[in-house]
There are 2 protein chains.
Amino acid sequence: MFRALVVEDQNLMRLALMEQIQASFSDCVVLGAETLELATRELQNDDFDLVVIDPGLPGFDPTAQADRLAVVDKIIETSPSAIHVVVTGSDSSSEADEFRRVGAAGYLGKTGLEPGVFADVLEDISTNGFSMRLSRVAMKIPDYRYSGLTPREQEIIDMMTRRERGMKRTQIYELMADRLAIDAGTAERYYKQARAKLMRRGHTLPKGL
Amino acid sequence: MFRALVVEDQNLMRLALMEQIQASFSDCVVLGAETLELATRELQNDDFDLVVIDPGLPGFDPTAQADRLAVVDKIIETSPSAIHVVVTGSDSSSEADEFRRVGAAGYLGKTGLEPGVFADVLEDISTNGFSMRLSRVAMKIPDYRYSGLTPREQEIIDMMTRRERGMKRTQIYELMADRLAIDAGTAERYYKQARAKLMRRGHTLPKGL
DNA sequence: AAAAATAGGGGTGACAACACCCCTATTTTT
DNA sequence: AAAAATAGGGGTGTTGTCACCCCTATTTTT
């Protein structure tokens, strides 16, 4: 049974991170703590395999390097056997080095931290021992979220809007089919279904349909 | 058709905010932009009813008040007819006042911003014209997320772990029944089902079972 | 002692999502 | 001219969630 703890004060972000971890393991428990006190209490009561830390916690100055280090240090000391991943909004490679020295196995910037990268990061850590993903800004097309679409429909629309010029729809169908281990024809069906729904509701479809 | 735009550079947070907005409207489109440039482009191309802004965007100093104001100001000027809500990790009541002066209708701190509050905030705005929710730390018990539970099962477990001492389970069943407009017996069934699943897997259940 | 709460099972119909199958036009590539 | 991609429909079985129904013990309150 894989056990993880996410220490992050922003509720929506904490829940999102917990969800990402859950998506990486078929059978697991993920706890979430808002404060260092609560986190410390849980780490003392139970063993964890993975601890995710945002150093900017209530009661500490998120811009003061001493405070940030104190938070990470305290958590690592309280759970020496766990894998520690630091997730922060204000990331720098110098801070990554600093946390690595005190025992962190991963360092991630929040900007650009997409759904699905957590699995990659854990993979990195288990093979290389360390994983760093600094913030990068690469968005050229906005996210589109339509109510009334099923997850699969939303997903294929997502992939279709992001498709590069010159790329055939068929290639996208194959890409999605590959990623989800389904049939390309099925992916095509999702796209057509989604498109029909949006048209019926009188939506102005984004470029790339 | 309700149209919203979320301007936030942290992907997971942006997606979480978009989800919160979607949950507040039965029929809507929600766009997400990572940068001010992308946001501006969308605001110029289309009309929006609601724009959510995190002032700490790529290319700006999130600690410099002038930069933060510039971001908010630019977006409000580009979409004068929309309702604007500022969401920030480093919130203060003085900044709330400042953004209110330039036309923001809402100001929310990320810490403590729970799922479901967005609907309340929009309600506040439509009745009072303004809504402010500063960060507050109130967590006494960690979040518990177990894989393999259905959403309803996870929800009742959530509520049960948060129940105050002396509160009967029956009261929790009624509370959940009330919130979801279902039967209290049904809520009880979810709890028993969830508990049985966790026991079968050999979990150490948190206090309060 | 009576009433309520708790622990622990059983089953059911409705509905949506999923993944797949089939079909016919029209347009674009090659 | 042939092949591929696109647009637009139809249907079907499986699975899981949801919301509800029923039942019996045991423990705790009142």
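Keep in mind that the numbers below use all heavy atoms, side chains included, and drop hydrogens, waters and symmetry copies. First the proteins, then the strands, lettered A, B, ... as listed; each starts at 1.
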Colleague: Using a heavy-atom cut-off of 4.0 Å across all strands, would you classify A/L209 as base, sugar-phosphate, or nothing?
Modeller: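 If one applies the 4.0 Å heavy-atom cut-off, A/L209 turns out to touch the sugar-phosphate alone, with no base involved.
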
Colleague: Evaluate the ring planes of A/F25 and A/F2, with Trp represented by its six-membered ring, and classify them as parallel (under 30°), tilted (30 to 60°) or perpendicular (over 60°).
Modeller: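 Parallel, since the angle between the ring planes stays under 30°.
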
Colleague: Does CG belonging to B/D61 count more than 12 external heavy atoms closer than 6.0 Å?
Modeller: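 Counting neighbours around CG of B/D61, more than 12 heavy atoms of other residues, nucleotides or ligands fall under 6.0 Å, so yes.
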
Colleague: Bend angle of the helix from C/dA1-D/dT30 to C/dT30-D/dA1 from five-pair axes at both ends, rounded to 10°?
Modeller: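 Comparing the axis at each end, I get an angle of 40°.
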
Colleague: Can a salt bridge be assigned to the pair A/R179 and A/E155 using a cut-off of 4.0 Å between side-chain N and carboxylate O?
Modeller: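 Salt bridge between A/R179 and A/E155, a charged N being under 4.0 Å from a carboxylate O: yes.
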
Colleague: Taking donor-acceptor contacts at under 3.5 Å, does the side chain of B/K192 reach the base of C/dA7?
Modeller: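 Per atom types, the contact qualifies.
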
Colleague: Give the rounded distance in Å between these two atoms: CZ of B/R200 and P of C/dA7.
Modeller: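 In whole Å, C/dA7 P and B/R200 CZ are 16 Å from each other.
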
Colleague: DNA chain D: B/I182 or A/Y191, which has the more 5' nearest nucleotide?
Modeller: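 It is A/Y191, whose closest nucleotide lies nearer the 5' terminus.
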
Colleague: Whole-Å distance between D/dT17 P and B/Q193 CD?
Modeller: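 Nearest whole value for this atom pair: 10 Å.
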
Colleague: Counting only side-chain N and O atoms of B/T170, is one of them less than 4.0 Å from OP1 or OP2 of C/dT6?
Modeller: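 It does, given that an N or O in the side chain of B/T170 lies less than 4.0 Å from OP1 or OP2 of C/dT6.
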
Colleague: What is the distance, to the nearest angstrom, from the CD1 atom on B/I156 to the P atom on D/dC20?
Modeller: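 Taking atom P of D/dC20 as the reference, CD1 of B/I156 is at 14 Å.
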
Colleague: Do the side-chain N or O atoms of A/R189 get closer than 4.0 angstrom to the phosphate oxygens (OP1, OP2) of C/dC21?
Modeller: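 For C/dC21, neither OP1 nor OP2 has a side-chain N or O of A/R189 closer than 4.0 Å.
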
Colleague: Got a salt bridge between A/R162 and A/D143, using NZ or NE/NH1/NH2 to carboxylate O under 4.0 Å?
Modeller: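 Result for this pair is yes, salt bridge flagged.
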
Colleague: Are A/Y190 and C/dC18 close enough that a side-chain N or O sits under 4.0 Å from OP1 or OP2?
Modeller: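 It does not, given that no N or O in the side chain of A/Y190 lies less than 4.0 Å from OP1 or OP2 of C/dC18.
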
Colleague: Hey, does A/R195 reach any base, or is it just sugar-phosphate, or nothing, if we go heavy atoms under 4.0 Å?
Modeller: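 If one applies the 4.0 Å heavy-atom cut-off, A/R195 turns out to touch the sugar-phosphate alone, with no base involved.
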
Colleague: Tell me which nucleotide among C/dT6, C/dG9, D/dT17 gets nearest to the side chain of B/E188.
Modeller: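 In terms of side-chain proximity for B/E188, the closest of C/dT6, C/dG9, D/dT17 is C/dT6.
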
Colleague: For the pair made of NZ in A/K197 and P in D/dG8, what is the distance, rounded to whole Å?
Modeller: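 In whole Å, D/dG8 P and A/K197 NZ are 16 Å from each other.
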
Colleague: Within this structure, what is the CZ-CD1 distance for the pair B/R145 and B/I157, rounded to the nearest 0.5 Å?
Modeller: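 Reported value, rounded in 0.5 Å steps: 11.0 Å.
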
Colleague: What is the distance from CZ of B/R163 to P of C/dA5, rounded to the nearest Å?
Modeller: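 So the CZ-P distance, B/R163 to C/dA5, works out to 13 Å.
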
Colleague: OH/B/Y107 to CZ/B/R133 distance, rounded to the nearest 0.5 angstrom?
Modeller: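 That separation rounds to 14.5 Å.
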
Colleague: Please report the distance, rounded to the nearest Å, between CE in A/M167 and C1' in D/dT6.
Modeller: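 These atoms are roughly 16 Å apart.
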
Colleague: Can you tell me how far P of D/dT27 sits from CZ of B/R169, to the nearest Å?
Modeller: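 Rounding to the nearest Å, CZ of B/R169 and P of D/dT27 are 15 Å apart.
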
Colleague: What's B/T150 touching, base or sugar-phosphate or nothing? Going by heavy atoms closer than 4.0 Å.
Modeller: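 Counting heavy atoms under 4.0 Å across all strands, the contact made by B/T150 is with sugar-phosphate only.
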
Colleague: Calculate the interatomic distance between B/R152 atom CZ and C/dC15 atom C1'; express it in whole Å.
Modeller: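 After rounding, the gap between these two atoms is 14 Å.
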
Colleague: Taking for each residue the nucleotide of DNA chain C with the nearest heavy atom, is it A/A181 or B/A196 whose nucleotide lies nearer the 5' end?
Modeller: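 Its nearest nucleotide being more 5', the pick is B/A196.
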
Colleague: Is the number of heavy atoms from other residues, nucleotides or ligands under 6.0 Å of B/K197 NZ greater than 12?
Modeller: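 Correct, the count exceeds 12.
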
Colleague: With nearest nucleotide decided by heavy atoms, which residue, A/L149 or A/A184, maps closer to the 5′ end of DNA chain C?
Modeller: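 In this pair, the answer is A/L149.
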
Colleague: In this structure, are over 12 heavy atoms from other groups packed under 6.0 Å from B/R201 atom CZ?
Modeller: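 Yes.
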
